[in-house]
Amino acid sequence: MPLLPNSRTEPDGSAVIRVLSYNIRSMRDDTDALARVIRACEPDLVLIQEAPRFFRWRKKLARLARESDLVVVTGGATTTGPAILSSLRASVERTEDVLLPHTPGLHRRGFATAVVRFAGTRLGVLSCHLSLQKDERYDQAGMLLDRLAGMGEEHVIAGGDLNERPDGPAFRRLAGTLTDCRAASPWGGEHTWTPADPYQRIDAIFATEGIEVLGCGVPFEHPGVTGADLRAATDHLPVLAALRVPAS
């Protein structure tokens, strides 16, 4: 399997970045394995789903960031799960935690959002975990697109656990407006659930037009990422993308 490009700033001011989307199941599994997987991927941004939400959740998320050589940008209990981590390469301009309308009887959902800079580039970022209920999930996909448009940034990425395959209506709603990074430039593995027997792709990274996708997929055989760690870390497999973001 070819290696993804390393993070770098190009002479024209554009930035090559690595983005990881990962459902970490509230760090209820092997946190050391989880940190090893994240660290080995050398991401500039990590879009987390199911971050810790209860007792000492900030301390737990900060521990994961520290052990992964990253920092916490935003999210966690304040978004009911989604969060964003970043490397020190990113300069954070602003953040906003968004709670979505609550349907009685269902888990409340939210978005973790930020605007960051990498050298001469500027990027909107959103982490999401969509509903298990089909109609609500479709509505939330629309809210996600509205939120991205409302950020006012030319270049935006979004990623997360969609709880739906690419042929589903919510997934197709997102892919109709945004670039599905895995479909645009397949790399690594396709299916993200379950780690023991992956058979479906329900986690994804999307980008707006103008962002070049250099490769996207599950980082099987990536240097430092082992099958044992992927199975032990959580109940999802991560999605890693290399993207070239134009200079702002």
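Only a predicted model underlies this, so the values are computations on that prediction, with no experimental measurement involved.
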Does any N or O in the side chain of [X] come within less than 3.5 Å of the main-chain N or O of [Y], such that one atom is a donor and the other an acceptor?
X      : Y      : answer
Arg18  : Pro5   : yes
Arg173 : Tyr138 : yes
Thr74  : Ala112 : no

Membership question, hydrophobic clusters at under 4.5 Å side-chain separation (ILVMFWY): are [Y] and [X] in the same one?
X      : Y      : answer
Leu243 : Val156 : no
Ile205 : Leu174 : no
Leu34  : Leu47  : no
Val16  : Val245 : no
Leu4   : Val218 : yes

Output every pair passing ring-ring contact (aromatic ring centres under 6.0 Å, His included) with a member in [range], not counting sequence neighbours, ordered by first then second residue.
range            : value
residues 60-102  : none
residues 4-27    : none
residues 155-190 : Phe171-Phe206

Separation of [Y] [atom2] from [X] [atom1] (nearest 0.5 Å):
X      : Y      : atom1 : atom2 : result
Arg109 : Cys128 : CZ    : SG    : 10.0 Å
Glu212 : Thr179 : CD    : OG1   : 11.0 Å
Leu123 : Ile211 : CG    : CD1   : 5.5 Å
Ile84  : Ser127 : CD1   : OG    : 6.0 Å
Phe220 : Glu190 : CZ    : CD    : 10.5 Å
Thr80  : Gln49  : OG1   : CD    : 11.5 Å

Counting C-beta onward and ignoring hydrogens, is there a side-chain heavy-atom pair between [X] and [Y] closer than 4.5 Å?
X      : Y      : answer
Leu230 : Val225 : yes
Trp193 : Asp235 : yes
Arg201 : Pro166 : yes
Thr9   : Arg89  : yes
Val19  : Ile157 : yes
Val239 : Cys216 : yes
Val73  : Thr95  : yes
Leu130 : Glu164 : no

| task | Could you walk me through whether Ile202 and Leu162 pass side-chain contact (heavy atoms from CB on, under 4.5 Å), step by step? | result | CA-CA 6 Å; Ile202 61 173; Leu162 305 187; 5.6 Å; no
| field | Ion pair check, Glu67 and Arg39, cut-off under 4.0 Å | value |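 Result for this pair is no, no salt bridge flagged.
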| message | Between Asp161 and Arg25, does any NZ, NE, NH1 or NH2 come within less than 4.0 Å of an OD or OE carboxylate oxygen? | response | no
Looking at residues at least two apart in the chain, or sitting in another chain, which of them share a salt bridge (Lys or Arg N to Asp or Glu O under 4.0 Å) with [X]?
X      : value
Asp30  : none
Glu10  : Arg8, Arg244
Arg172 : none
Arg165 : none

| field | More than 12 heavy atoms from other groups under 6.0 Å of CD on Gln133 | value |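 Above 12, so yes.
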What side-chain donor-acceptor pairs closer than 3.5 Å can you find for residues 50-62, not counting sequence neighbours?
unit_1	atom_1	unit_2	atom_2	d
Glu50	OE2	Asn23	ND2	3.2
Lys60	NZ	Phe55	O	3.3

| So, Ser21 and Asp203: side-chain donor and acceptor under 3.5 Å apart, yes or no? |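 On atom types as modelled, these side chains do not qualify, holding no pair under 3.5 Å.
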| request: Answer with yes or no whether the side chains of Ser7 and Asp44 bring together a donor and an acceptor at under 3.5 Å. | output: yes
| query | side chain to side chain contact (heavy atoms under 4.5 Å, CB included) with Asp229: which residues, sequence neighbours excluded? | reply |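 For Asp229 the side chain to side chain contact (heavy atoms under 4.5 Å, CB included) partners, ignoring immediate neighbours, are Ala33, Arg36, Val37, Thr226.
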| said: Could you work out, with side chain to side chain contact (heavy atoms under 4.5 Å, CB included) as the rule, every residue matching Ser185, not counting sequence neighbours? | reply: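 Ser185 satisfies side chain to side chain contact (heavy atoms under 4.5 Å, CB included) with Val213 only.
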Kindly give the heavy-atom pair with the smallest separation between [X] and [Y], and that separation in Å.
X      : Y      : answer
Gly110 : Pro82  : O-CG, 3.2 Å
Pro219 : Pro238 : CD-O, 3.4 Å
Asp12  : Ala247 : O-CB, 3.7 Å
Leu45  : Ser86  : CD2-CB, 3.9 Å
Pro43  : Ser87  : O-CB, 3.9 Å

| request: Using the side-chain hydrogen bond (donor to acceptor under 3.5 Å, both in side chains) rule, take Thr79 and Asp97 through it: C-alpha gap first, then chi angles, then the decisive distance, then the call. | output: CA-CA 6 Å; Thr79 59; Asp97 294 338; 5.5 Å; no
Let me check something: any side-chain donor-acceptor pairs from residues 139-151 under 3.5 Å, sequence neighbours excluded? List them with distances.
unit_1	atom_1	unit_2	atom_2	d
Gln140	OE1	Ser131	N	2.8
Arg147	NH1	Glu96	OE1	3.4

| task | Determine, stepwise, if the pair Met27 / Leu64 fulfils side-chain contact (heavy atoms from CB on, under 4.5 Å). | result | CA-CA 9 Å; Met27 296 170 61; Leu64 177 63; 3.9 Å; yes
| Trace of the side-chain contact (heavy atoms from CB on, under 4.5 Å) decision for Arg122 with Val116 | CA-CA 6 Å; Arg122 191 173 178 182; Val116 300; over 6 Å; no
| message | Which residues end up grouped with Val71 if you chain together Ile, Leu, Val, Met, Phe, Trp and Tyr wherever their side-chain heavy atoms are less than 4.5 Å apart? | response |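 For the cluster that includes Val71, the remaining residues are Leu88.
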